[in-house]
Visitor: 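Supplied in structure tokens, the structure appears directly below.
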Amino acid sequence: MTLTDLPRWRTTDLYSGLDDPALVADLKALSSDVEALGALLDTLEIRKDGAAVTPDRLDAALNAMNGVYSRGATIRAYLSAFVSTDSRNAPAQGLMSALTTTTLPLGPLRSRVTAWIGALDGDALDTLTGASDTAREHAHLLRRSADYARHQMTPDEEDLAARLRPSGAGGWAKLHGNVSSVLTGTFRGQTLPVTALRALATDPDGTVRQDAFEAEIAAWKGTEVVMAACLNGVKGEEGTLAARRGFTDPVGPSLLSHGIDAQTLAAMQGAVVCSLPDFRRYFAAKARALGKPALDWWDLFAPVGRSDTHWAYDAGTRFVEEQFRAYSATLGDFAARAFREDWIDAGPRDGKRSGAFCMRWDGDRSRILMNHDPSLDSVSTLAHELGHAYHNMQLAHLPPLQRETPMTLAETASIFCETIIQNAALERASGEERLYALETQLLGHAQVVVDIHSRFLFERAVYEKRAERDLNPQEFVELMTWAQRETYGDAVGTLHPYMWAVKGHYYGLPFYNYPYTFGLLFGLGLYAQYHAARPQGEAAVRDFQRRYDDLLSSTGQATPLELAATFGIDLHAPDFWEGSLDVIRRQIAAYEALTA
């Protein structure tokens, strides 16, 4: 199967095309729904210092919001299926822009409801949830609204911020995505998309990797002025709004949106810093395996070991389904359904965004974008995104407001499913194949622990300096290489000075980085409990699976701290995070032994 033969996701089950009259009608209906929601809030006097919060008023507001969000999410997913696979699709881009304009009022309207609910104290919330089924079902949302209300600007300021976002941070983020998706570089006389250049980082030939890296760096350097303007715009707006909302630390807004407290982040980050010398041992062992005194950046993804397994896309889907089924028939059937119903856009192509993601589609269905290459790492990515889709299925019976999952918990199922695949590959391997499987695992872990920590350090430093003035491209380069040196140490020689331009996460949610580390270590902790249940028999395994599915279906209705406690996990305890990192340390020790 060639790259052009790889499957693309099906879109016709929602609309026949971008010109489908039903899509036009739904966009018009959504606009009417948004207007009706605003009129309803006016009629019910839902605003800060407005009418009293009663069960009837709350039921009406929450039910109307769920209806608007549901229709809007379906349209947004459909349009995203086109703009993410072809950034030059002008009709799709136009419709997406129209959708953004239509839904702009939802931000200020949501802020009104938040401010209205946020005036309630704990006793009043308890009384309200006791008198209303809707309030009881949305109890977590109500508690979070009280937290958010403490960091709200005035209604007029919130409204203005939401309306300016498409031409502010949202516009800068869109520009970054559009420019990066069509960026090309010159490699050995050929013009290649930068995504193809980055894919060559896995080539077994070191000279190919180095030439591709240098071509990629040259491409990013050619856009550094544009990318610096984008990053200054995004971080400048976010920092200004955070300060205006009363946050004293640039990390503060992310803790609120990611659903954790500072104590949890400190415990996790402390364990991460303690693990950096261990990861440097892995980098040193990999350098020896490649016959080098130290790695260069273009060696980070270099293959080590040898796999006789043919990791073509079809073989990868069979392996994923087989291993998912070994965990449970439900998970195996789910994977088979995703493949059968064409949920996945698998192959790289010009104009398609890089990386991978999963988005809710409709009902209990999802859509997955990836850029497959014939490697175990790519198969692991497929399993990872299917984990997100499985999580979506567990949440499908709930209305949108009860599905709102913080990023810290959003990675739970994906990491769990990825671990199933990687451990299965490791268990059946020996010799060079085992080294290959270990390399795939540790490469991913290093990205999520070491590289993610460098991104956290970089972003925090950018916020601090951007509060004073715009930064020029060279200053972003210096901050990026400083952050990489803090985490990689001397284990990596040549660094990547333009990673701040590569990673779209910097242009999205604030601190769209450490939740991945949380997800990895929390997922490993849960998988360890599953592994411990297996020798105890089928009943113990079924009990774990039931509690695990319950956790996934509850990620929008409780905090990570509360849900972790149902598995006996204390997120404030450094021991938990160290325990998950010990799993990785054992893998590093095995890798060192094999490369010795």
Side-chain angles (χ1 to χ4, degrees), residues 87 93 97 100 104 107 151 153 157-158 160-183 185 194 216-258 353-355 451-487 495-515:
S87 61
Q93 293 281 10
S97 179
T100 300
L104 266 181
H151 291 285
M153 301 182 292
E157 286 175 322
E158 291 289 354
L160 181 61
R163 293 182 185 279
L164 288 177
R165 186 166 183 84
S167 55
W172 289 117
K174 183 177 180 180
L175 177 62
H176 170 270
N178 288 343
V179 171
S180 60
S181 67
V182 298
L183 186 64
V194 74
E216 182 203 345
I217 295 299
W220 290 116
K221 184 172 179 57
T223 67
E224 66 178 1
V225 174
V226 173
M227 296 307 185
C230 292
L231 195 54
N232 275 310
V234 170
K235 296 310 178 193
E237 178 179 310
E238 289 173 351
T240 299
L241 290 175
R244 182 61 63 90
R245 289 177 173 135
F247 291 100
T248 58
D249 184 324
V251 183
S254 72
L255 293 174
L256 188 57
S257 63
H258 296 328
R353 62 162 284 180
S354 61
D451 199 69
I452 285 288
H453 194 58
S454 76
R455 299 183 214 175
F456 173 81
L457 295 176
F458 169 80
E459 186 164 357
R460 187 173 61 184
V462 167
Y463 273 116
E464 292 170 354
K465 294 184 178 299
R466 181 60 184 81
E468 302 169 3
R469 59 176 175 80
D470 275 8
L471 302 179
N472 62 47
Q474 184 57 34
E475 289 173 310
F476 284 129
V477 164
E478 291 170 357
L479 284 177
M480 189 79 261
T481 52
W482 161 79
Q484 290 170 349
R485 186 62 67 203
E486 286 291 303
T487 54
L495 301 174
H496 196 308
Y498 288 98
M499 193 54 68
W500 57 271
V502 175
K503 293 298 179 182
H505 288 180
Y506 293 125
Y507 305 82
L509 293 173
F511 291 98
Y512 195 169
N513 40 57
Y514 68 77

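In this text, all values refer to a predicted model and were calculated from it rather than measured experimentally.
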Visitor: Just wondering, do Trp500 and Met227 contact through their side chains at under 4.5 Å, heavy atoms?
Guide: yes
Visitor: Could you state the interatomic distance from CD (Gln484) to OG (Ser454), rounded to the nearest 0.5 Å?
Guide: 5.5 Å
Visitor: Rounded to the nearest 0.5 Å, how far does OG of Ser167 lie from NZ of Lys174?
Guide: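 It comes to 11.5 Å.
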Visitor: Walk me through it: do Met499 and Val502 pass the test side chain to side chain contact (heavy atoms under 4.5 Å, CB included)?
Guide: CA-CA 5 Å; Met499 193 54 68; Val502 175; 3.8 Å; yes
Visitor: I need the minimum non-hydrogen distance between Val234 and Ala173, along with the two atoms involved.
Guide: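 Closest approach of Val234 to Ala173, heavy atoms only: CG2-N, 4.2 Å.
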Visitor: Once rounded to the nearest 0.5 Å, what's the spacing between atom CG of Asp470 and atom CD of Glu475?
Guide: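 Result: 9.5 Å between the selected atoms.
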Visitor: Between Glu158 and Arg245 (salt bridge meaning N to carboxylate O under 4.0 Å), is one present in this structure?
Guide: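 So Glu158 pairs with Arg245 through a salt bridge.
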Visitor: Please indicate whether Arg244 has more than 12 foreign heavy atoms, meaning atoms of other residues, nucleotides or ligands, lying under 6.0 Å from its CZ.
Guide: no
Visitor: Does anything in residues 236-256 pair up under ring-ring contact (aromatic ring centres under 6.0 Å, His included), and if so which pairs, sequence neighbours excluded?
Guide: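 Sorted result for residues 236-256: His151-Phe247.
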Visitor: Would you check if Val182 and Ser87 make a side-chain contact, meaning some heavy-atom pair closer than 4.5 Å?
Guide: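 Val182 reaches Ser87 side chain to side chain.
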Visitor: Quick check: closest heavy atoms across Ser254 and Pro510, and the distance to 0.1 Å?
Guide: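 Looking at all heavy atoms of both residues, the shortest contact is CB-O, 3.7 Å.
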Visitor: Is any side-chain heavy atom of Asp249 closer than 4.5 Å to a side-chain heavy atom of Tyr463?
Guide: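 No, their side chains stay 4.5 Å or more apart.
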Visitor: What residue pairs, at least two apart or across chains, pass side chain to side chain donor-acceptor pair (under 3.5 Å) with a residue in residues 504-513?
Guide: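 Residue pairs passing side chain to side chain donor-acceptor pair (under 3.5 Å), neighbours aside: Glu459-Asn513.
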Visitor: With no hydrogens and no angle check, just 3.5 Å: does a side-chain donor-acceptor pair link Glu216 and Trp220?
Guide: yes
Visitor: Taking it one step at a time, do Leu495 and Trp482 satisfy side chain to side chain contact (heavy atoms under 4.5 Å, CB included)?
Guide: CA-CA 10 Å; Leu495 301 174; Trp482 161 79; over 6 Å; no
Visitor: Quick one: closest heavy-atom pair of Met153 and Ala161, and the distance?
Guide: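 Smallest heavy-atom distance, with atoms named: CE-CB, 4.0 Å.
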Visitor: Quick check: closest heavy atoms across Leu104 and Ala162, and the distance to 0.1 Å?
Guide: CD2-O, 3.0 Å
Visitor: Are His258 and Phe511 close enough that their ring centres sit under 6.0 Å apart?
Guide: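 No, the ring of His258 stays outside the 6.0 Å limit from the ring of Phe511, centre to centre.
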Visitor: Can Gln93 and Asn178 be said to form a side chain to side chain contact (heavy atoms under 4.5 Å, CB included), step by step?
Guide: CA-CA 10 Å; Gln93 293 281 10; Asn178 288 343; 3.6 Å; yes
Visitor: Quick one: CG on Asn232 to CD on Glu237, what's the gap to the nearest 0.5 Å?
Guide: 13.0 Å
Visitor: Is any side-chain heavy atom of Leu471 closer than 4.5 Å to one of Leu479?
Guide: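 When only atoms from C-beta onward are counted, Leu471 and Leu479 do touch, with a gap below 4.5 Å.
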Visitor: Quick one, His496 and Tyr498 - any side-chain contact, counting heavy atoms below 4.5 Å?
Guide: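 A side-chain contact exists here, since the closest heavy-atom pair is under 4.5 Å.
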Visitor: Mind listing the closest non-hydrogen atom pair of Ser180 and Gly177 along with its distance?
Guide: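 The pair with the smallest heavy-atom distance is OG-O, 3.2 Å.
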Visitor: Looking only at heavy atoms, what is the nearest atom pair of Gly236 and Thr240, with distance?
Guide: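 In this case the closest contact between Gly236 and Thr240 is O-OG1, 2.8 Å.
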Visitor: Side chain to side chain contact (heavy atoms under 4.5 Å, CB included) between Lys465 and Lys235: does it pass, once the steps are laid out?
Guide: CA-CA 10 Å; Lys465 294 184 178 299; Lys235 296 310 178 193; over 6 Å; no
Visitor: Just wondering, do Asp451 and Thr487 contact through their side chains at under 4.5 Å, heavy atoms?
Guide: no
Visitor: Should the pair Glu238-Arg466 be classified as a salt bridge under the 4.0 Å nitrogen-to-oxygen rule?
Guide: no
Visitor: How are the rings of His453 and Phe456 set to each other: parallel, tilted or perpendicular (split at 30° and 60°)?
Guide: parallel
